K.L.:
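Structure in structure tokens, see below.
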There are 2 protein chains.
Amino acid sequence: MAKSKNTEQKIFDAATELFMEKGVDRTSVRDIASKAGINLALMNYYFRSKENLFDTIFTNLVTENTRELLKILNSDMGLEEKIRSYVNAYIDMLTANPLLVPFFMAIIHRSQEKITQMKVISNLYGTEKFSQQIVDEGKKGTIRRTDPSHFFVDMISMITFPFAIRPLIMDRNEMSEEEFNEFIQERKEHVTEVLLKCMMPC
Amino acid sequence: MAKSKNTEQKIFDAATELFMEKGVDRTSVRDIASKAGINLALMNYYFRSKENLFDTIFTNLVTENTRELLKILNSDMGLEEKIRSYVNAYIDMLTANPLLVPFFMAIIHRSQEKITQMKVISNLYGTEKFSQQIVDEGKKGTIRRTDPSHFFVDMISMITFPFAIRPLIMDRNEMSEEEFNEFIQERKEHVTEVLLKCMMPC
DNA sequence: CATGCGTTTAAAATCTAGTTTAAAACAATA
DNA sequence: TATTGTTTTAAACTAGATTTTAAACGCATG
């Protein structure tokens, strides 16, 4: 029982990195083993199969990274403050983990049929309370009447999409890593502003 | 020389469909051959390798589908009309071809290093004229001063991202195919409005 | 009509990847 | 120390993918 947790963890970590970097299908079990510095068969010993290892990792990634965001979305903040914190927290999370979005995009494409994974991701977006808030404030006249589903899609689009096409943005604008990060930091303010402005009761 | 063009085309078409549907890595040359109704080795004869076939298809997909959009972006329309046509044309194009975005996202992840080297990519976003227009009108005061690179990213994010996460949106809102398409059609008006509103000179 | 050329097919060789097996090493404990 | 359960190793197995080679086909031209 000695090194068990240790080895299992090493496999888990190595696989996570490789999956995110090269994609699941382009990562072989042998890659994982060699990166983790363990014997090939141990992957099968601890996780029954590559696909099962992937499921484990995937679920873990989603739940780990969305806890905070969900909390904000379902908090009691006012609409403006909520939007601002959500945008900031989301962008911070993705900045710390820039491969997350491209990885997710690839997974959605890869496993459309795998409903379970879709369900896991759907958790990402527990928006009932937030939607209600938008409808309510629309009725009160505090903001323009706004369709919450479109609004939410706008929001996550503007937040996450730049990470999905990062290489293109960098290439197009001849940006270095740092310049791209600056660009992303600027977007915190920018996206918040766009979202608030378009629901202002003109 | 009899069936040459024919066979080459059959391979090309079959591969295009499969790549878009299942992803490049999960499509085997056998799949392609059987779908195209040709012998396994013919893929190798016409396109030297699977990877080379993929490059050909990818380049073709990009150029075919961006011609129209680029024309609009570099036309002499006024800003408002230009934005409206661009959003409409882009959404129409993706509606006709709903796998395009998820496919691209997967490709960006799959071949990051390769993609920036591909010259076709720069074609995707030839935005000089459009950017200039935004800067000019900002100076004139017709619109708020707006950073063109953020604006352009906002625009393509809101247009394309919903297609990338289509299964999630459908699952979350319990939508049928048709309902999703309606949702997307609504977005033409919605996105245009958001974009125009946020550059209005308050 | 046979020669040559582009095209197509078939079979074999090579490689890569996931999984399994069987035995060895190890650790804990009775 | 002997026993037992866990962990590790090396090697084998299986399946499939890709590439190569050579042979067959069909047709137009000399």
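Since the model is a prediction, treat every value here as computed from it, not as a measurement. So you know, we letter chains A, B, ... as the sequences are listed, proteins then strands, and number each from 1.
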K.L.:
Contact class for A/T27 (heavy atom, under 4.0 Å): base, sugar-phosphate, or nothing?
P.N.:
sugar-phosphate
K.L.:
It should be established whether B/Y45 places a side-chain nitrogen or oxygen under 4.0 Å from OP1 or OP2 of nucleotide C/dT7.
P.N.:
yes
K.L.:
Rounded to whole angstroms, how far apart are CG on A/L42 and C1' on D/dA11?
P.N.:
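Rounding to the nearest Å, CG of A/L42 and C1' of D/dA11 are 15 Å apart.
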K.L.:
Starting at the 5' end of DNA chain D and moving along, which residue's nearest nucleotide shows up first, A/R30 or A/G37?
P.N.:
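Residue closer to the 5' terminus by nearest nucleotide: A/G37.
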K.L.:
Taking only Lys NZ, Arg NE, NH1 and NH2, and the carboxylate oxygens of Asp or Glu, determine whether A/K129 and A/D76 approach each other closer than 4.0 Å.
P.N.:
yes
K.L.:
Could you tell me how far apart A/K22 (NZ) and C/dT16 (P) are, to the nearest whole angstrom?
P.N.:
13 Å
K.L.:
Separation of B/M43 atom CE from D/dT18 atom P, in whole Å?
P.N.:
6 Å
K.L.:
How close or far is atom P of D/dT20 from atom CG of B/L40, stated in whole angstroms?
P.N.:
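Checked: the CG to P distance equals 13 Å.
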K.L.:
From D/dT9, D/dT8, D/dT19, pick the nucleotide closest to the side chain of A/A41?
P.N.:
D/dT9
K.L.:
Taking 4.0 angstrom as the limit, do A/R166 and A/E179 come out as a salt bridge?
P.N.:
no
K.L.:
Do any side-chain nitrogens or oxygens of B/S28 fall under 4.0 Å of OP1 or OP2 in D/dA17?
P.N.:
yes
K.L.:
May I ask you to test the B/R84-B/E189 pair for a side-chain heavy-atom distance under 4.5 Å?
P.N.:
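In contact.
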K.L.:
Send over the distance from A/E51 CD to C/dT19 C1', rounded to a whole Å.
P.N.:
14 Å
K.L.:
Can you measure B/R48 atom CZ to D/dT21 atom P for me and round it to whole angstrom units?
P.N.:
16 Å
K.L.:
Is A/I156 close to A/F161 at the side-chain level, that is, under 4.5 Å between some pair of heavy atoms?
P.N.:
no
K.L.:
Which nucleotide wins on minimum distance to the side chain of A/Y46, given the candidates D/dT19, C/dG6, D/dT7?
P.N.:
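So the side chain of A/Y46 is nearest to D/dT7.
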K.L.:
Please state how far atom CG in B/N52 lies from atom P in D/dT18, giving the value in whole angstrom units.
P.N.:
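Going from B/N52 (CG) to D/dT18 (P), I get 14 Å.
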K.L.:
May I ask you to establish whether A/R110 and A/F54 are in a cation-pi arrangement, using a distance under 6.0 Å from NZ or CZ to the six-membered ring centre and at most 45° from the ring axis?
P.N.:
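Output yes; distance and angle both within limits.
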K.L.:
Grab the CG-P distance between B/N44 and C/dT14 for me, whole Å please.
P.N.:
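Roughly 16 Å, once rounded to whole Å.
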K.L.:
Look at the side-chain N and O atoms of B/S49 and state whether any lies under 4.0 Å from the OP1 or OP2 oxygen of D/dT18.
P.N.:
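For B/S49, the contact criterion (side-chain N or O under 4.0 Å from OP1 or OP2 of D/dT18) is not met.
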